[in-house]
Amino acid sequence: MDTVEYTQRPDLPPSTLVAAFGGWNDAGQAASTAIRFLADAWGAAEFASIDPDEFYDFTTERPVVRFTETEQRAISWPANTFAYHAEAGRGFVLHVGSEPHLRWKTFLSTFLRVARESNCQRIVTIGGLVGDAVHTRPVPRFGYSMDPDLQPRIERLGLRASRYQGPTGIVGVLHDACRREGLPAASVWVAVPQYLGPTPNPKAALALLETLDELLDLRLDLRELRTVAAEFENSVTNAVAENAEIRELIAYLERQYDAAQAGEPPPDELPPPSAVIEDVEALLRERREGNGES
């Protein structure tokens, strides 16, 4: 059985595939939020998906049941979908999905087949990681390129490659596959604060989109998302205002961030204990539930 299901076969000009994978590669849901913003802004049309059956452990990531408009139960399976948008002689393929559990090499072979069959000449991945970030400061950004056309822009944007070594996610393995196949590729990441836990972070998503906008000349209208990001920052600040320990953690991270920007040594004092991070997560969760958010 074919692992790719096409609903249509768009005839695309030379295209760029922009990809995000939820989960390990998507702290604060920054990358998946950014892709969905692009899909909505462009009215991108879905045209293909990867059958999840061979690539997921459904006891780890279970399918979800929901009621339809006709009150019938419908099952949603872990998905990897592709949508397209074309304008002015260039095309974009947008991928959003879940990091697979099984058979990564086969999954990536399938993924790259969709890219080739869609006339994609490069791949740009986006992601979010937990790092030394603080919600009151600009979002730290990282990037690297194996695409000679994009490398000068990466440098002009001041994006530096992460020095991380260790276990990697599907994005790291995808870029290795692109390197071996000679497919130009680049990656952009943002760091989100550890103390925000899994809270969706529109400020981080905005930073990714602003970077993609400059990197790929997208000419996006980001005014509404900038408003949402500012409201998010204010919401976090208000949520922690009455907790002295959390304020101490944030003040420490602000000093750490400012020292790094000034090229100075980091502050000597130790950060507050990790238990404070759990308090922040609980505060934000209570605030979301109080506002009727899921």
Side-chain angles (χ1 to χ4, degrees), residues 3 17-35 50 52-62 77-80 95-112 114-115 123-134 139-147 154 159-201 204-205 207-208 211 253 256-257 260 266 271 273-278 280-281:
T3 52
L17 193 160
V18 185
F21 291 89
W24 199 86
N25 311 269
D26 192 25
Q29 300 177 30
S32 53
T33 298
I35 290 291
I50 297 177
D53 201 50
E54 294 188 35
F55 305 113
Y56 292 90
D57 175 0
F58 297 127
T59 63
T60 300
E61 185 171 352
R62 294 182 181 274
W77 298 88
N80 282 272
H95 165 272
V96 64
S98 301
E99 181 179 75
H101 307 133
L102 309 167
R103 305 184 65 193
W104 280 22
K105 291 181 179 179
T106 303
F107 177 89
L108 290 176
S109 176
T110 303
F111 183 97
L112 292 175
V114 176
I123 291 178
V124 177
T125 61
I126 57 177
L129 56 89
V130 176
D132 294 329
V134 59
V139 176
R141 303 181 301 171
F142 308 88
Y144 66 89
S145 175
M146 299 183 293
D147 183 335
I154 290 279
L159 303 180
R160 56 185 176 85
S162 169
R163 301 299 297 171
Y164 170 79
Q165 298 183 86
T168 190
I170 193 68
V171 170
V173 183
L174 170 59
H175 278 270
D176 182 67
C178 290
R179 177 185 58 80
R180 286 185 283 104
E181 294 205 7
L183 179 61
S187 192
V188 176
W189 289 71
V190 292
V192 303
Q194 182 181 6
Y195 59 83
L196 292 183
T199 301
N201 192 319
L208 281 175
T211 306
L253 292 171
Q256 185 181 56
Y257 181 95
S274 59
V276 175
I277 296 171
E278 297 175 4
V280 180
E281 293 179 6

Q: Look up atom CD1 in Ile170 and atom OG1 in Thr125, then write down how far apart they are to the nearest 0.5 Å.
A: 11.0 Å
**Q.** Verdict with reasoning, Trp77 to Tyr56, per ring pair (Phe, Tyr, Trp, His ring centres under 6.0 Å)
**A.** CA-CA 10 Å; Trp77 298 88; Tyr56 292 90; 10.0 Å; no
Is there side-chain contact between [X] and [Y], with at least one heavy-atom pair below 4.5 Å?
X      : Y      : result
Leu129 : Val192 : no
Phe58  : Asp53  : yes
Phe21  : Leu174 : yes

What residues, two or more places apart in sequence or in another chain, satisfy side chain to side chain donor-acceptor pair (under 3.5 Å) together with [X]?
X      : value
Glu61  : Ser98
Asn25  : Glu99
Thr211 : Arg141
Arg179 : Asp176

Q. Among all residues two or more places apart in sequence or in another chain, which pass the salt bridge (Lys or Arg N to Asp or Glu O under 4.0 Å) test with Arg160?
A. none
**Q.** Under 3.5 Å donor-acceptor, His95 side chain and Ala20 backbone
**A.** yes
Q: Look at the side chain of Asp26 and the backbone N and O of Ala30, then say whether any donor-acceptor pair between them is shorter than 3.5 Å.
A: yes
Q: Dump the intermediate steps for side chain to side chain contact (heavy atoms under 4.5 Å, CB included) on Phe107 and Asn80, then the final yes or no.
A: CA-CA 10 Å; Phe107 177 89; Asn80 282 272; 3.6 Å; yes
Q.
Checking side-chain polar atoms at under 3.5 Å, does Ser145 have a donor or acceptor matched by the opposite partner on Asp147?
A. no
Q: Answer with yes or no whether the side chains of Trp104 and Thr106 bring together a donor and an acceptor at under 3.5 Å.
A: no
Considering all heavy atoms, the nearest [X]-[Y] contact:
X      : Y      : answer
Pro140 : Asp132 : CG-O, 4.2 Å
Tyr144 : Ala161 : CB-CB, 4.0 Å
Leu112 : Cys178 : CD2-SG, 4.2 Å

Q.
List the residues meeting side chain to side chain contact (heavy atoms under 4.5 Å, CB included) with Leu253, not counting sequence neighbours, and say none if there are none.
A. Val134, Tyr195, Leu249, Gln256
